[in-house]
Amino acid sequence: MNTFQDLLTRKLAEALAAASLPQAGAVTPATDPRFGDYQTNAALVLAKQLGENPRALAQRILDAYDRWDLCEPPTIAGAGFINFTLRPEIIAARTAELLRDARLGVAPAESPRRIVVDFGSPNVAKPMHVGHIRSTVLGDALARIAIFLGHDVIRDNHLGDWGTQFGMVIYGWKNLLDRAALDRGAIAELVRIYKETNEKVAADPKVREAVREELVKLQAGDPENLSIWKETVDLSLKEFEDAYQVLDIHYDIQRGESFYNDRLPAVVERLLNSKIAEISEGAVCVFFRDIPELAEKPAIIRKSDGGFNYATTDVATVDYRIQDLKANTVWLVVGAPQILHFKQIIAIARREGYTADLRHITFGSILGEDRKLMKTRSGENVPLRDLLDEAVQRARKIIEEKNPDLSEPEKIDIAQKVGIGAVKYYDLSQYRMTDYIFSWDRMLSFQGNTAPYLQNAYVRIRSIFRKAGQEFTAPAQIALGAPEEKTLALRLCQFAEVVPTVLNDFRPNVLANYLFELANSFHAFYEACPVLKSEEPARGSRLALCELTARVLAKGLDLLGIKVPEKM
RNA sequence: GUCCCCGUAGUUCAACGGAUAGAACGGAGGUUUCCUAAACCUUAGAUGCGGGUUCGAUUCCCGCCGGGGACACCA
């Protein structure tokens, strides 16, 4: 199914050819209803190229072509824009088509890719905290959208399950562990023994030495230390899984750093053999002397003490994803502080001859009301589970005030969907690069660009169908009489235009924005056009608009990882 | 010091180089014998500063100012 944008773009191409002009410009949705539904700047672009008057060129295009079919005769406006107003019956016909299309008009990608999405990636033996929200929620949404567009997606949790901190953890496990506490809350106890060990290390050189030895033994494959390590990993994963359950996030694979351990020597060997790496100050380094930005900044892939580091692991990870998983695209949804690191990793991949599309997708921070990184009163990271629980509790309280008659199971279900949805949507509705200030009141508000507002629009539609007491059946025809109906219908048709653009620059906020505008258009329609009280054929037609709005809202929110309740 | 990101109404956020910079919250005013007023309508209010490229700049380039981050063996 082609979008109006596609169809008009094709018409424009024909018109330019008919006018003996080169292809130029683009068709975009109109920036203002006064300019119709779509517009093109083709004449402006050509005017620049050819050094001619833009309005005259626009006229020439319109004179040369009159088979626009789906819209009224285009008009010229402003500096030389050509404006298109779609014919209502065309929008109506398209809307009817969408009702029969499970994909809601969204075309599958022309060349599907195999995409590894690396997101979340918490560290073992440490609690997940607010800092993990953005990567987790953003990565999951991008994965969902890519899947819907027909890509072959592998979600990978690149756990921080290896590294120097395990010297501390193992020492603490052997000397300080409280088994009962571990049963009550594994990560809390692991954090406690880590911290206590850390204090002892600072005070006592003998402990420092003992910790170092535990790490060496682990790395050498000592069975006892390996089994302790394994247990801490398993315990941590169980707690992570609990959070993922609440968030409705699921991974296809979870290849932590440890997975790559036995591949590291070969990576260094290979890079040395191919002269990509060299030895400098006793370490094996990759220099990027031809890349000005990286000229002074080598990547160290083997430390002078012979140990490997995270650059080594990440090079091995790129190998694995391209060679073993056969990915041609990798999205690394990792915070902005690691920009330099991933520039180096991607530059190494290029030198190795990999042509896969490797993207580091960065994002800003979550700030507290004080505009500093969000922390608890005592200056600690806010645990993710506490935050999610609070979201659900707060949602529950609001629902109880607004709609006390709901049954207990309904309240539980709604609080979950509204609370978690609010947290996710608040994150996804903002441009990923900007820092944002965390605010319960804003994200749980039923007004404005929030999940509850969108969920409420959906719920209102469901309520109409409950009241109608009938299942939806598609009407023979859709008629768009009122302007609110036309606006809503056009908006519904544009879902198919919006979804693919999200992946252009990895901006789910574009989709969020669209859904908000859709809900706005729906509410305007809802105010102006009675549904159940209207006469046929308007009634059936309006029910169809309601149904389609509900489907698009639900699907759009689903692509963001957000669920919709039937009541709220 | 070098490099990267960000700077838009009082506040929180939008805007593939396009038309008179959009919303929301908060402020002011209004709408309900009617499908969830959890809504809708009206209204005032902003591109950090200075140059440049362009028919056109919030967007691209240069220089300042302000905030954050990264820069050889932590991840």
Side-chain angles (χ1 to χ4, degrees), chain A residues 26 28 30-32 34-35 39 41 44-45 47-48 53-55 77-81 83 121 123 160 162-165 257 280-285 292-305 307-311 313-314 335-341 343 362-365 367 371-373 398-399 401-403 426 429-431 433-437 439 441-443 445-450 452-453 455-457 459-468 501 504-505 509-510 512-513 516-517 519-520 522-524 526-534 542-543 546 567-568:
Chain A
T28 55
T31 52
D32 189 295
R34 286 184 327 242
F35 304 139
Q39 63 184 46
N41 61 349
L44 293 159
V45 174
K48 184 180 214 160
N53 180 292
R55 286 190 70 106
F81 290 94
N83 293 334
S121 307
N123 288 321
W162 197 256
T164 49
Q165 78 270 26
E257 290 166 347
S280 167
E281 296 174 31
V284 178
C285 301
E293 229 180 302
L294 301 177
E296 306 277 313
K297 313 193 189 302
I300 293 171
I301 55 168
R302 195 178 68 200
K303 301 188 285 181
S304 52
D305 68 2
F308 304 108
N309 62 7
Y310 76 129
T313 307
D314 280 352
Q338 296 197 40
I339 285 178
L340 176 62
H341 168 69
K343 273 188 182 157
T362 62
F363 46 83
S365 312
L367 309 180
R371 295 170 175 279
K372 296 192 172 146
L373 279 183
I398 296 168
I399 291 155
E401 281 167 19
K402 306 279 190 189
N403 202 345
Y426 191 68
S429 62
Q430 322 207 24
Y431 176 50
M433 288 309 297
T434 49
D435 297 345
Y436 70 82
I437 295 173
S439 163
D441 290 343
R442 281 178 199 282
M443 74 181 70
S445 167
F446 286 76
Q447 298 164 329
N449 190 6
T450 66
Y453 174 83
Q455 288 167 324
N456 178 245
V459 162
R460 283 184 143 192
I461 297 169
R462 300 312 306 157
S463 173
I464 291 174
F465 281 103
R466 270 197 303 278
K467 202 138 280 185
T501 65
N504 289 348
D505 194 29
N509 67 306
V510 171
N513 233 312
F516 177 59
E517 284 170 2
N520 265 332
F522 172 74
H523 277 125
Y526 183 91
E527 291 290 322
C529 305
V531 177
L532 297 178
K533 295 195 172 71
S534 60
R542 286 174 181 174
L543 276 170
C546 288
K567 299 180 188 171
M568 65 193 283

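These figures come from a predicted structure and were not determined experimentally.
Across all strands, A:K467 comes closer than 4.0 Å only to sugar-phosphate atoms, never to a base (heavy-atom distances). Residue-level contact check: A:S304 touches the bases, meaning some heavy atom is under 4.0 Å from a base atom. A:Q39 comes within 4.0 angstrom of a nucleotide base, judged by non-hydrogen atoms across all strands. The residue A:N509 sits close only to the backbone: its heavy atoms come under 4.0 Å of sugar-phosphate atoms, none of a base. Residue contacts shown for A:E281 include a base, since a base heavy atom lies under 4.0 Å away. Across all strands shown, A:F35 has heavy atoms under 4.0 Å from base atoms, whether or not it also approaches the sugar-phosphate.
Of the C1' atoms belonging to B:C40 and B:U8, the separation is 28 Å, rounded to the nearest Å. Here the separation of B:U53 from B:G17, taken at their C1' atoms, is 11 Å to the nearest Å. For the P atoms, the distance linking B:G1 with B:G52 amounts to 28 Å, nearest Å.
For A:F522 and B:U36, the CZ to P distance is 10 Å, given to the nearest whole Å. Straight-line distance from the CG atom of A:N41 to the C1' atom of B:C16: 10 Å, rounded to whole Å.
Using a 4.0 Å cut-off, no side-chain N or O of A:Q447 falls inside it from OP1 or OP2 of B:A24. The side chain of A:T434 contributes an N or O atom lying less than 4.0 Å from OP1 or OP2 of B:A14.
Checked against B:A39, B:C71, B:C13, the side chain of A:L340 finds its nearest nucleotide in B:C71.
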